[in-house]
Amino acid sequence: MADTAPLPRPQGGPITSQLKSRQPKFRAAVDYMAGLNPEQREAVLLTDGPLLVLAGAGTGKTRVLITRIAHILLQGRAWPSEILAVTFTNKAAREMKERVNTFVTPLPELQWMGTFHSISAKILRRHAELVDLNPNFTILDTDDQIRLIKQLLAAENIDEKRWPARQFAGMLDAWKNRGLLPKDVPPADSGFFANGKGGKLYYDYQARLKTVNAADFGDLLLECIRLFRENPEVLAEYHRRFKYMLVDEYQDSNTAQYLWLRLLAQGKPAPEANICVVGDDDQSIYGWRGAEVDNILRFETDFPGAKVIKLERNYRSTANILKAASTLIAYNEGRLGKTLFTDIAEGGEAISFTQVYDSEEEARTIGEEIEQYQRQGDALNSMAILVRASYQMREFEERFITLGLNYRVVGGPRFYERKEIRDALAYLRLVAQPSDDLAFERIINVPKRGLGDATVKMLMETARHQRIPLLQAVRLMVQTEDLKPKQRSTLRALVAQFDDWAYRADSLPPYQLVEHILEESGYMDMLTADKSVESQGRKENLKELSRSMEDFESLGGFLEHISLVMDRDSADSGDAVTIMTLHSAKGLEFDTVFLPGWEDGTFPSQRSMDESGRAGLEEERRLGYVGITRGRKRVRISAAQNRRIHGLWQSAIPSRFIDELPPDVVEVTDRGSAYGGYGYGGGASSRFNKADPFESVYETPGWQRARANQANRRGSGPLTIEGDLVARSVDLGNQSSGYALGERVFHLKFGYGEVIQIEGNKLTIDFEKAGTKKVLESFIKKG
DNA sequence: CAGACAGCACTTTTT
DNA sequence: GTGCTGTCTG
């Protein structure tokens with residue numbers, strides 16, 4: 001992925017026909033076709049011409065891709081360097097490479113197997129000058145991007161409060177995802193931001209990237225597309241090179257990626273293109289990030305004569321789990337329509353749905369269940385908790401810590417996103433690429449050197465006037481009298497240090513270089529001096545960084561790796577329950593899957609429905625489908641009746657998706673009702689037909705039930721407005737004003753207390769232990 | 001220039 | 001409830 005070694009050319013020209021008579025270069029290490037079912041086999045053998053493999057969850061699509069690559073190599077249809085294999089994550093690319101390696105010997109060097117972004121970066125570095133960059137250009141992370149935008153906003157006198165940099169970053173991203181260069185942005189789009197300045201900002205932003213010799217993630221694809229479009233001879237080179245193209249998770253591709261692929265596939269007329277895409281429209285869960293399900297839906301139009309193979313035989317889950325998942329997903333429209341079936345594990349355990357009082361009880365219940373399964377002999381590794389949003393994770397973590405239950409959180413704050421890592425990287429970037437102004441700005445005063453805004457401003461002024469990088473500006477400024485003596489000597493020393501580091505970078509291995517830099521810059525001293533709890537951890541992270549650099553010989557190679565491969569192999573912490581979001585669970589599987597928080601508003605997420613309406617709801621439903629199909633043997637769904645969102649207690653009703661599950665495979669338990677909440681009415685209304693009978697989001701059974709419930713409450717007391725949020729009371733209406741001032745009451749969370757104020761159904765209570773709090777009447781009981 | 005407090009915003013996430 | 005950012009003050 002990140003190897004910067006020179007690219008070996010494919011030896012020899014077309015080999016398809018001749019090679020059969022020759023000694024094949026690769027041999028099969030194992031019987032690689034063994035165990036494939038007829039559909040999978042067909043998908044492997046149909047190497048030529050466009051092919052769409054629609055693979056439902058757990059049907060072995062990765063297996064097909066890998067075997068296909070092995071087959072192409074073993075048949076001598078192409079050299080490894082002639083195969084383009086694209087994935088979305090580095091993890092997927094790594095796994096694929098490893099698994100092909102187990103099939104084929106000697107080890108093929110699949111240098112064009114990687115993510116869209118890493119492959120694009122590789123191509124761009126080879127032709128950097130054609131897109132106005134140097135081959136050693138920096139790849140910016142989101143942090144740098146935001147800082148750059150802030151500078152542009154300031155330069156344009158745009159109020160950052162009214163027009164946040166984040167928002168603009170989001171728009172930029174969306175434009176780039178759609179493959180739009182500054183000149184292509186529709187006026188309606190560009191006019192929206194900052195009273196019409198959006199378009200200009202995009203131009204300025206791109207210009208600025210070129211001056212600092214950098215590209216952001218979107219650029220990697222966008223500039224690649226521009227490169228291909230403006231330089232047909234370059235494109236033709238890749239047409240000649242790539243004999244076979246394979247794409248994983250095609251349903252997640254966005255417009256830019258689609259254009260990128262289409263350009264590369266144009267080497268042959270569409271009906272003959274050797275392109276194979278694999279995906280599952282039902283698992284498209286990245287629409288909010290610009291993914292276009294349409295790409296997969298229209299593959300057959302893009303490549304006339306394309307073969308379509310459906311993989312529907314599921315090897316993962318029990319029949320009950322598959323039935324639940326299929327029934328749920330059938331409520332979506334616009335599907336390519338697959339039905340999963342299995343010939344293993346008839347029936348199996350029922351899907352369980354449990355209603356609990358609040359998220360704390362949810363964590364407690366799940367904790368107990370996990371321990372029980374563990375006692376029965378299940379490994380913690382075989383269990384996972386899949387949440388909709390990461391804020392749901394904390395409750396589980398806290399509970400598991402109390403229980404002493406080993407857990408691991410996947411996808412928390414990423415290693416590379418940590419402040420200290422970014423600081424260290426900024427030093428390294430500046431050593432490798434002295435014109436990296438963003439890196440310079442990041443570390444000029446970290447650790448504190450007494451170089452504040454005033455000094456930086458002066459440097460930036462000079463840099464802009466002379467059109468030179470900041471580090472260069474420093475060199476100039478220390479020669480003048482413009483700076484105060486103190487700053488001047490500090491800067492002079494700093495420049496000298498950087499020169500020294502740059503000099504040593506050639507001889508020292510990167511992992512030693514970084515240690516020297518951190519020591520000599522005073523960064524380590526800064527952490528030592530910092531007595532806060534985190535600083536020790538930060539030091540350890542930096543050690544970890546240095547350790548991770550041991551595999552790299554050159555600084556450049558390491559930086560490429562770190563900016564593109566941002567995932568970190570989570571150190572296996574032995575047997576542990578996994579906690580992660582539904583999004584990051586795609587592609588994984590567990591014996592037992594817990595799906596907490598199935599409440600309307602949480603899942604499906606209110607925001608998703610508000611922002612994207614029906615499409616949003618359908619994406620949420622696909623997320624539910626992904627969640628359920630992660631389970632091999634057991635799926636346990638739960639919903640809390642009360643949940644605190646942004647510090648505010650909210651009552652909730654079970655997710656409408658519960659009603660969309662087939663009742664005959666769902667077993668309902670209601671623990672929440674013990675506390676006087678309303679019970680689960682039962683999805684027993686049994687509407688589980690194939691087509692979605694509901695015209696709009698608001699006509700699904702869950703929604704209607706919610707409306708009915710709300711109406712009930714409306715009669716019993718006013719809705720309470722707190723902030724912008726409407727707090728819905730769980731009061732069923734039979735005890736609307738049943739409390740008096742001074743009355744002793746009990747609250748499940750806060751304990752006993754005395755009512756000191758009443759406003760409608762909101763009571764102010766002086767709790768014995770928790771102090772004075774305002775709570776909804778329905779959350780308390782008479783003491 | 002640096003530390004302290006107040007205000008606000010707060011899905012999902014890879015690259 | 002929390003964490004970040006931005007402003008105020010020493």
Side-chain angles (χ1 to χ4, degrees), chain A residues 1-2 86-93 114-121 139-142 145-146 150 160-161 164-167 170 173 176-177 215-222 249 252-254 256-257 284-291 359 386-395 398 410-414 416-417 419 445-456 484 486-487 534 560-567 580-587 597 601-612 616 619-620 622-624 626-627 643-649 723-725:
Chain A
M1 282 159 282
V86 203
T87 62
F88 280 82
T89 67
N90 292 295
K91 193 169 157 231
T115 63
F116 277 101
H117 294 268
S118 66
I119 292 172
S120 295
I139 298 168
L140 293 190
D141 58 34
T142 340
Q145 211 184 349
I146 297 284
K150 280 188 177 163
E160 230 245 278
K161 284 237 176 70
R166 293 213 159 273
Q167 190 188 350
D173 218 45
K176 292 187 174 182
N177 283 160
D216 63 20
F217 281 118
D219 274 356
L220 294 179
L221 282 152
L222 193 58
E249 306 276 17
D252 287 337
S253 60
N254 62 35
Q257 287 155 344
S284 158
I285 54 177
Y286 286 106
W288 52 275
R289 216 170 63 187
S359 50
L386 309 183
V387 297
R388 174 64 181 85
S390 43
Y391 66 77
Q392 293 170 258
M393 292 179 178
R394 185 192 307 169
E395 205 107 31
E398 283 171 5
V410 174
R414 254 163 281 285
Y416 68 92
E417 273 174 359
K419 191 171 164 298
N445 205 27
V446 181
K448 303 251 186 299
R449 297 186 174 92
L451 300 169
D453 290 347
T455 316
V456 176
K484 293 200 190 98
K486 180 114 184 286
Q487 274 84 348
E534 306 99 58
E560 178 82 356
H561 173 84
I562 201 76
S563 48
L564 287 170
V565 184
M566 287 172 161
D567 59 5
M580 64 177 143
T581 62
L582 287 162
H583 282 91
S584 40
K586 194 168 73 164
T602 300
F603 183 63
S605 130
Q606 192 58 52
R607 187 153 157 194
S608 181
M609 292 185 292
D610 289 348
E611 279 173 11
S612 318
E619 184 152 312
E620 296 286 307
R622 291 193 290 268
L623 213 40
V626 167
R643 184 175 294 276
R644 191 157 51 184
I645 299 167
H646 310 324
L648 227 145
W649 281 96
D724 291 337
L725 299 162

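What you see is a predicted model; the values in this text were computed from it and never measured.
The pair A:R289-A:D252 fails the salt-bridge criterion, with no side-chain N (NZ, NE, NH1 or NH2) lying under 4.0 Å from an Asp/Glu carboxylate O.
Between A:Y286 and A:H583, the ring planes lie tilted relative to each other; the angle falls in the 30° to 60° range.
Rounded to an integer number of Å, the gap from OH of A:Y391 to P of B:dC10 is 14 Å. As rounded to whole Å, 6 Å separates atom P of C:dT2 from atom CZ of A:R394. Separating the NZ atom of A:K586 from the C1' atom of B:dT14 is a distance of 11 Å, rounded to the nearest angstrom. Rounded to a whole Å, the CG atom of A:D141 is 15 Å from the C1' atom of B:dT13. As rounded to whole Å, 10 Å separates atom P of C:dG6 from atom CZ of A:R166. One atom, CG of A:L220, and another, P of B:dT14, lie 16 Å apart when rounded to the nearest Å. Distance A:Q167 CD to C:dT5 C1': 17 Å, rounded to the nearest Å. Here the P atom of nucleotide B:dC10 and the CD atom of A:E611 are 11 Å apart, to the nearest Å.
Judged by distance alone with a 3.5 Å cut-off, a donor-acceptor contact links the side chain of A:R388 to the base of B:dT12.
Taking only side-chain atoms of A:L564, from C-beta outward, the nucleotide of B:dT15, B:dG3, B:dC1 with the closest atom is B:dT15. Distance from the side chain of A:F217 is smallest to B:dT15 among B:dT14, B:dT15, B:dT11. Residue A:S584 has its side chain nearest to B:dT13 when only B:dT13, B:dT11, B:dT15 are considered. Comparing B:dT11, B:dT15, B:dC1 by their closest approach to the side chain of A:T89 singles out B:dT15. Side-chain atoms of A:R607 lie closest to B:dC10 of the nucleotides B:dC1, B:dT12, B:dC10. Taking every side-chain heavy atom of A:N90 into account, B:dT15 is the closest of C:dG1, B:dC1, B:dT15. Here B:dA2 is the nucleotide among B:dT15, B:dA2, B:dT11 with the atom lying nearest to any side-chain atom of A:N445.
Of the two residues contacting DNA chain B, namely A:G450 and A:Y286, the nearest-nucleotide position lying further toward the 5' end is that of A:G450. Comparing A:Q487 and A:S612 against DNA chain B, the residue whose closest nucleotide sits nearer the 5' end is A:Q487.
Base orientation at B:dT11 is syn, since its O4'-C1' glycosidic dihedral falls within 90° of 0.
A:T602 comes within 4.0 angstrom of nothing in the nucleic acid, heavy atoms only. Counting non-hydrogen atoms under 4.0 angstrom, A:G218 reaches nothing in the nucleic acid. When heavy atoms are screened at a 4.0 angstrom cut-off, A:L451 is found touching the sugar-phosphate backbone but no base atom. Among the protein residues, A:S390 comes within range of the sugar-phosphate backbone only, with heavy atoms under 4.0 Å from sugar or phosphate atoms but none that close to a base. Residue A:A121 is classed as having no contact, given no heavy-atom separation below 4.0 Å to the nucleic acid. Nucleic acid contact class of A:E249 (heavy atoms, under 4.0 Å, all strands): none.
A sub-4.0 Å separation between OP1 or OP2 of B:dT14 and a side-chain N or O of A:T115 is absent. Between A:K150 and C:dG6, a side-chain N or O to OP1/OP2 separation shorter than 4.0 Å is present. Contact annotation: A:T142 does not reach the phosphate of B:dT15 (side-chain N/O to OP1 or OP2, under 4.0 Å).
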Walk me through it: do A:D610 and A:Q606 pass the test side-chain hydrogen bond (donor to acceptor under 3.5 Å, both in side chains)? CA-CA 6 Å; A:D610 289 348; A:Q606 192 58 52; 3.1 Å; yes
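A:R622 places a side-chain N or O within donor-acceptor distance of the main-chain N or O of A:S284, the cut-off being under 3.5 Å. Judged by distance alone, the side chain of A:N445 and the main-chain N or O of A:G450 form a donor-acceptor pair under 3.5 Å. Remark: side-chain polar atoms of A:E620 are paired, donor with acceptor, to backbone N or O of A:S605 under 3.5 angstrom.
Within the 4.5 Å cutoff, side-chain heavy atoms of A:Y391 are placed close to those of A:T602.
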